[in-house]
Number of protein chains: 2
Amino acid sequence: MTSAPKAKPKARDADATQKRILSAAKKEFAKSGLGGARVDVIAERAKANKRMIYHYFNSKEELFQRVLEDAYSDIRTAEQKLDLDHMDPKAALETLVRFTWDYYLKNPEFITLVNSENLHKAKHLKKSELVHQLSQRFVDMVARLLERGEKEGVFRSGIDAVQLNITIAAIGYYYLTNRFTGTIIYERDLMSPEALDERLRFNMETIMRLVCAD
Amino acid sequence: MTSAPKAKPKARDADATQKRILSAAKKEFAKSGLGGARVDVIAERAKANKRMIYHYFNSKEELFQRVLEDAYSDIRTAEQKLDLDHMDPKAALETLVRFTWDYYLKNPEFITLVNSENLHKAKHLKKSELVHQLSQRFVDMVARLLERGEKEGVFRSGIDAVQLNITIAAIGYYYLTNRFTGTIIYERDLMSPEALDERLRFNMETIMRLVCAD
DNA sequence: TCGTTAATGCACTATCTAGTTACTTATGTC
DNA sequence: GACATAAGTAACTAGATAGTGCATTAACGA
């Protein structure tokens, strides 16, 4: 019989549904920001009912907060896995610069989410204890690296770990987040493979010149 | 007599009204982004009627485009006034780095507007012939500076003007646009006068080490 | 003084959107 | 196998929000 395949009763799976919602929300928030994101769009893309979003996450803002927390968790976890403590200082620094660039490149939502959160003065991140802890660990890791390099005489002394972290992030982040206006202003395709390679090389040079002893 | 000052007939002044609208729009767009901005709020803050906005600017998007164009015009005009061509190359470069930082600091709306425009893939800026021309002049100015410094032997050779421009902007822009999440992650007040001074010094060092001959 | 044009104001609408109410259906446990 | 609980759905609402229709009034030249 060719009877209409009657919307199958659909197996129930709370975990899977939450994951689908989070994934859809990440995309939508990244694309349109917190304000521009549409709850209905998230529901549709998650193949869930809008009611489910409120069932699991209470409100659009709490959902955003959760998406943001997960995004920070992901990058901080990946950074820890670099295991910089067991590398030669120069190599470790190069690894960090390259990792940061690659991560932004492969996870463009991260950048847009952070932008959106800053537009809202970080009011969601403030509430997250988890992010707090992860950040601490991250800064410490870079501080140890600087200390080690200094002791070995390959890094200059007196470099502040926070300023360095900000700078490493900045030179990759800015290039990528402003790629659309950048393409117009500089009349150059900033996203071709060659352009991306060139930028990574330039960034590497910038940081090594800044940090390494003369 | 204490008669109610009967809403005075209000002198008509097309120019002044447009300027008030543009100024209010800049604030509102910077605060909430294109999507989050409310036309009613702009009207109220401009002490104009909402009808006026549509009378002069046709739509919310066209108003945004105009605000954005004006913002780019302003910074590019200010840059030209630096008159870098008549300064010693090193001093000129320092001047540019300091100017860029100061401009972002004193015009925080500029940053937020650019962020918002990039969220929308620069579709408004694409239409602007003016911005196109101004950008060209700006890149040329820095290219001349690099050339001059190279000839005098104070700058390294082979530095790309576009990459340098992007980097100078990045290290200031990122710090300021992400100051809210940054404050949380680094557990440090990034906006105190001392912190701002320190950042400018760090940025100056970053750029000079990158550009100057060893 | 008159008439044309441009500036201004008010009230309205069509549409959208976060969040909810009230319901149905699957799942696993005793 | 029935009961309790959690997963899922559809239709609705109250409030916003971009954009308009239309009437009114100032400015200014003839």
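The sequence lines fix the lettering, A, B, ..., with proteins before strands; numbering per chain opens at 1. Quick caveat, the model's predicted, so the values are computed rather than measured.
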**OP:** Might you work through the side chain to side chain contact (heavy atoms under 4.5 Å, CB included) test for A:Ile166 and B:Asn178, ending with a clear yes or no?
**Re:** CA-CA 10 Å; A:Ile166 292 175; B:Asn178 289 338; over 6 Å; no
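For residues 71-85 of chain A, the salt bridge (charged side-chain N to carboxylate O under 4.0 Å, His left out) pairs, not counting sequence neighbours, are A:Arg76-A:Glu79, A:Asp85-A:Arg144.
Taking only side-chain atoms of B:Asp40, from C-beta outward, the nucleotide of C:dT17, D:dT17, C:dA7 with the closest atom is D:dT17.
With rounding to whole Å, A:Lys50 atom NZ is found 10 Å from C:dT20 atom P. At whole-Å resolution of the value, CD1 in A:Ile42 and C1' in C:dC16 are 16 Å apart. If you measure from atom CD1 of A:Ile21 to atom P of D:dT9, you get 10 Å, rounded to the nearest angstrom. The distance from atom NZ of B:Lys47 to atom C1' of C:dT8 is 17 Å, rounded to the nearest whole Å. Between A:Asn49 atom CG and C:dC23 atom C1' there is a gap of 12 Å when expressed in whole angstrom units. If you take CG of B:Asp15 and P of D:dA27, they are 15 Å apart, rounded to a whole angstrom. With rounding to whole Å, B:Leu34 atom CG is found 12 Å from D:dA18 atom C1'. Atom C1' of nucleotide C:dT21 and atom CZ of A:Arg51 are separated by 8 Å, given to the nearest angstrom.
Atom CZ of B:Arg137 is surrounded by 12 or fewer heavy atoms from other residues, nucleotides or ligands within 6.0 Å.
B:Glu28 and B:Arg45 are joined by a salt bridge, as a carboxylate oxygen and a charged side-chain nitrogen come within less than 4.0 angstrom of each other. A salt bridge links A:Asp70 to A:Arg66: one of the charged nitrogens lies within less than 4.0 Å of a carboxylate oxygen. A salt bridge between A:Glu44 and A:Lys50 is absent, with no side-chain N of the basic residue lying under 4.0 Å from a carboxylate O of the acidic one.
Contact annotation for A:Ala43: no contact, since no heavy-atom pair falls under 4.0 Å across all strands.
The stretch residues 54-65 of chain A touches DNA chain D through A:His55, A:Tyr56, each having a heavy atom within less than 4.0 Å of the strand.
Here A:Thr17 does not reach the OP1 or OP2 of D:dA7: none of its side-chain N or O atoms lies under 4.0 Å away. At the phosphate of D:dA16, neither OP1 nor OP2 sits under 4.0 Å from any side-chain N or O atom of B:Arg38.
Tested against A:Trp101 for a ring-ring contact (aromatic ring centres under 6.0 Å, His included), the candidates A:Tyr175, A:Phe202, A:Tyr173, A:Tyr174 yield a single pass: A:Tyr175.
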